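The structure appears below as structure tokens.
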Amino acid sequence: MFHRVSQSHLHLLLPLPKHRFPFPRNAITITDEPQQQPSLTETDDAAIAKLVLESDPRSLSESLTKPGFQWTPELVNKVLKRLWNHGPKALQFFKHLDRHPTYIHSTSSFHHAIDIAARMRDYNVAWAFLGRMKSLRLGPTPRTFAIIAERYVSGGKAHRAVKVFLSMHEHGLRQDLNSFNTILDVLCKSKRVEMAHNLFKVFRGRFKADTVSYNIIANGYCLIKRTPMALQILKEMVERGINPSMVTYNTLLKGYFRNNQLREAWEFYLEMKKRKCEIDVVTYTTMIHGFGVGGEVKKSRRVFDEMVREGVVPNVASFNALIQVLCKKDSVENAVLVFEEMVRKGGVPNLISYNVVIRGLCHVGDMEKALKFMGRMEKHGLQPSVQTYNVVIRYFCDAGEIEKALEMFGKMGDGSCLPNLDTYNVLISAMFVRKKCEDLVVAGKLLIEMVDRGFLPRKFTFNRVLNGLVLTGNQDFAQEILRMQSKYGRVLRHLKL
DNA sequence: GTAGGGTTAG
């Protein structure tokens, strides 16, 4: 019963688009005369991303190497960012351009490519890029190793990350305090705090650990809600004659809130004042957010007023904190009032402001107003992000408005903002609520599409879709999905079907 | 781009 499915997500039900005329006319002019190089416009990166998405890999090379078109690192980076959620296409683009007769990739583009490859856990490709950088004498730089280490840690290979750091010198790079702090931070941000702390204890002497190093470790312990340990780190740094900074104190303060220790947080703040700390905008914002989500909305507002009284100017983050608090613990109406107040006072809402308000509106079921806010973003020079779409899609699904969710998803498919892992997960789950045969077919198509785009579905998702298809008599399609496993065998091995 | 505040559910 495909006829009930709306236009906007037809692309799921149809074969992939065939190669079309490369660039939208006028967006880019390709000429054979180098003298007439077109000037770059804002739409170039969008048009190129679209071309890459739609064209056949074999013909792509020619289109990209047409003489007369001027590539710049900035343009290449913009295109890579647009293709961020389509790793394979992004890398295809990068590799093709790497064979361009005259254009040579910049270090930052290599970093994007390495990041994308490693995120897909294709570490071999990432290292191959590093080798290519080396042969072009563009790197590697400390940043290159930071990226690789970060991806190893988030891929569950923290030990490899540490190894990479320890082998930096083999690539001609000095291990210094900066790179030491970076690896510590990478480990801490992924909650491998013990490992970071051990590394820290081994090397703090050699690298002369500084305030930053200690702050990173203290923050790590705050992230895993071990504030006593964070306090211990603070004590230790003082003992070793290293001065804590406002960053240190704000880190601890946030740690107390995160651990739901509101009283301790307040006492810590009073202590800061007693010690004549110059309470800054971060301190206040931390408290506005902390007290609010802890349920003390009045206190949150009082802190906001106190900040203004003390002559500390609230910035967007401060407003966002208050808006978020009101959405969660008060009413979305009041949150919107604060949003409007900020605009009236000349404050410029950013992506987070919008996402917070939109989520708040969705949460109370006011989808109409949420969409209105989405439309307003452009006035502030913003475009809905993948998070914006995900929120709206999620709440449409929760409300049972599957068609509208798919319609939203269709808008992303236009290429303005590619869906990410969360988008697919939310949408695939939603395909089970109506218990309709055709919904499961869509779920299957979504599953194939996400794998195609370099996302790894959870084993659960995979089995759920397969079972659903088999139960609804779609044996053939289930087979097709199983075949996909062998195609992507290496990547999907963890699924153990 | 060595560190701190603001965005994903109940």
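Given the structure is predicted, the values throughout are model-derived calculations rather than measurements.
The phosphate of B/dT7 has OP1 or OP2 within less than 4.0 Å of a side-chain N or O from A/His289. Proximity of A/Lys328 to the phosphate of B/dA9: no side-chain N or O atom is located under 4.0 Å from OP1 or OP2. The phosphate of B/dG6 has neither OP1 nor OP2 within less than 4.0 Å of any side-chain N or O from A/Gln324. Of the side-chain N and O atoms in A/His363, one or more sit less than 4.0 angstrom from OP1 or OP2 of B/dG10.
Taking every side-chain heavy atom of A/Arg394 into account, B/dT8 is the closest of B/dG5, B/dT2, B/dT8. Closest contact between the side chain of A/Arg359 and the listed nucleotides B/dG6, B/dT8, B/dA3 involves B/dT8. Among B/dG6, B/dG5, B/dT2, the nucleotide with an atom closest to any side-chain atom of A/Val316 is B/dG6. Side-chain proximity of A/Asp422 to B/dT8, B/dG5, B/dT7: nearest is B/dT8.
A/Ser213 comes within 4.0 angstrom of no nucleic acid atom, judged by non-hydrogen atoms across all strands.
The CG atom of A/Asn350 sits 11 Å away from the P atom of B/dT7 (whole-angstrom rounding). Nucleotide B/dG10 holds its C1' atom 10 Å from the OH atom of A/Tyr395, rounded to whole Å.
Aromatic pair A/Tyr152/A/Tyr123: ring centres closer than 6.0 Å. Residues A/Tyr389 and A/Phe409 keep their aromatic ring centres 6.0 Å or farther apart.
Residues satisfying the salt bridge (Lys or Arg N to Asp or Glu O under 4.0 Å) criterion with A/Arg137, sequence neighbours excluded, are absent altogether. A/Lys134 pairs by the side-chain contact (heavy atoms from CB on, under 4.5 Å) definition with A/Pro140, A/His171, not counting sequence neighbours.
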